[in-house]
Amino acid sequence: MVAKRRVEIGAGKAALADWRAGSADRTTVAAAVRYTLEEVSARAPGNSVEVRVPPFGVAQCVQGPRHTRGTPPNVIECDAATWLEMATGQLTWADAIAAGRVAASGLRADLAGLLPL
């Protein structure tokens, strides 16, 4: 079951477009991050990978063993700029990992096949 969206799709797409056009205000970045996290969860529903983009949001995605307590075994964490660059195709997963811009742990913590959105 896909979680209910908290960011309306039109508002999320508008925030992402504004971010791509150069807007870096916190409200725009927050909406763009939350929208893209919801989008990756919708495209790869599941609970085996947790994607964290502090302080804006977190999402669980990718089918596999369900995590129920403590720190999940598959965690991806990065800053908002890195996440949005990967989500929009401005930065590849491989390049982000190589540059140390993404922390990924666990066997399933690889979003190369899901990004860009």
Side-chain angles (χ1 to χ4, degrees):
M1 181 172 113
V2 177
K4 181 179 182 273
R5 287 187 181 260
R6 295 180 183 192
V7 177
E8 194 273 325
I9 292 174
K13 286 182 178 182
L16 193 56
D18 289 347
W19 177 82
R20 288 179 119 176
S23 178
D25 72 86
R26 186 173 173 84
T27 303
T28 298
V29 172
V33 166
R34 291 176 184 138
Y35 166 71
T36 53
L37 286 171
E38 289 176 359
E39 190 63 24
V40 79
S41 292
R43 292 182 185 199
N47 297 92
S48 70
V49 176
E50 187 167 286
V51 181
R52 300 173 181 170
V53 184
F56 300 112
V58 62
Q60 291 188 348
C61 58
V62 182
Q63 287 185 326
R66 182 171 176 79
H67 159 72
T68 57
R69 297 182 123 189
T71 301
N74 301 288
V75 177
I76 296 165
E77 187 167 337
C78 63
D79 62 69
T82 300
W83 172 252
L84 292 173
E85 288 172 19
M86 290 188 302
T88 59
Q90 297 173 23
L91 177 67
T92 67
W93 174 261
D95 289 344
I97 292 289
R101 295 179 63 185
V102 173
S105 63
L107 297 173
R108 297 177 185 272
D110 183 345
L111 297 183
L114 297 173
L115 299 173
L117 301 172

(message) Using every non-hydrogen atom in the two residues, find where Val7 and Ala31 come nearest and quote the distance to one decimal.
(response) CG1-O, 4.2 Å

(message) If I compare all heavy atoms of Ala104 with all of Ala109, which pair ends up nearest, and what's the gap?
(response) CB-O, 3.6 Å

(message) As an exercise, state the distance from CZ of Arg5 to CZ of Arg34, rounded to the nearest 0.5 Å.
(response) 14.5 Å

(message) When you group the ILVMFWY residues by side-chain heavy-atom contacts below 4.5 Å and let the links chain together, are Val75 and Val62 in the same group?
(response) no

(request) Could you check if a side-chain atom of Thr36 sits within less than 4.5 angstrom of a side-chain atom of Val53, using non-hydrogen atoms only? (result) no

(request) Treat each ILVMFWY residue as a node, draw an edge where side-chain heavy atoms are under 4.5 Å apart, and state whether Ile9 and Phe56 are in one component. (result) yes

(request) Measure the spacing between CZ of Arg108 and CG of Asn74 and express it to the nearest 0.5 Å. (result) 7.0 Å

(message) With a 3.5 Å distance limit and no angle check, can you tell me whether Glu38 reaches the backbone of Arg6 through a side-chain donor-acceptor pair?
(response) yes

(request) Taking all non-hydrogen atoms of both residues into account, name the closest pair between Leu114 and Leu117 and its distance. (result) O-CD2, 3.6 Å

(request) For residues Glu50 and Glu77, determine if any side-chain heavy atom of one lies less than 4.5 Å from a side-chain heavy atom of the other. (result) no

Pairs of donor and acceptor atoms involving the side chains of residues 87-95, under 3.5 Å and at least two apart or interchain, shall be tabulated with distances.
unit_1: Thr88; atom_1: OG1; unit_2: Leu84; atom_2: O; d: 2.8
unit_1: Thr88; atom_1: OG1; unit_2: Glu85; atom_2: O; d: 3.4
unit_1: Thr88; atom_1: OG1; unit_2: Gln90; atom_2: NE2; d: 3.4
unit_1: Thr92; atom_1: OG1; unit_2: Asp95; atom_2: N; d: 3.0
unit_1: Thr92; atom_1: OG1; unit_2: Asp95; atom_2: OD2; d: 3.2
unit_1: Trp93; atom_1: NE1; unit_2: Asp110; atom_2: OD1; d: 3.1

(message) To check you understand the geometry: which heavy-atom pair defines the closest contact between Met86 and Ala96, and what is its length?
(response) SD-CB, 3.6 Å

(message) Let me confirm one number: the CD-CG distance from Glu39 to Leu16, rounded to the nearest 0.5 Å.
(response) 10.0 Å

(request) Would you confirm whether Ser41, through its side chain, and Leu37, through its main-chain N or O, come within 3.5 Å as a donor-acceptor pair? (result) yes

(message) Is it true that, when you exclude Arg43 itself, more than 12 heavy atoms of the residues, nucleotides or ligands shown sit nearer than 6.0 Å to its CZ?
(response) yes

(request) Could you tell me whether the side chain of Trp83 reaches within less than 4.5 Å of the side chain of Leu111, counting heavy atoms only? (result) yes

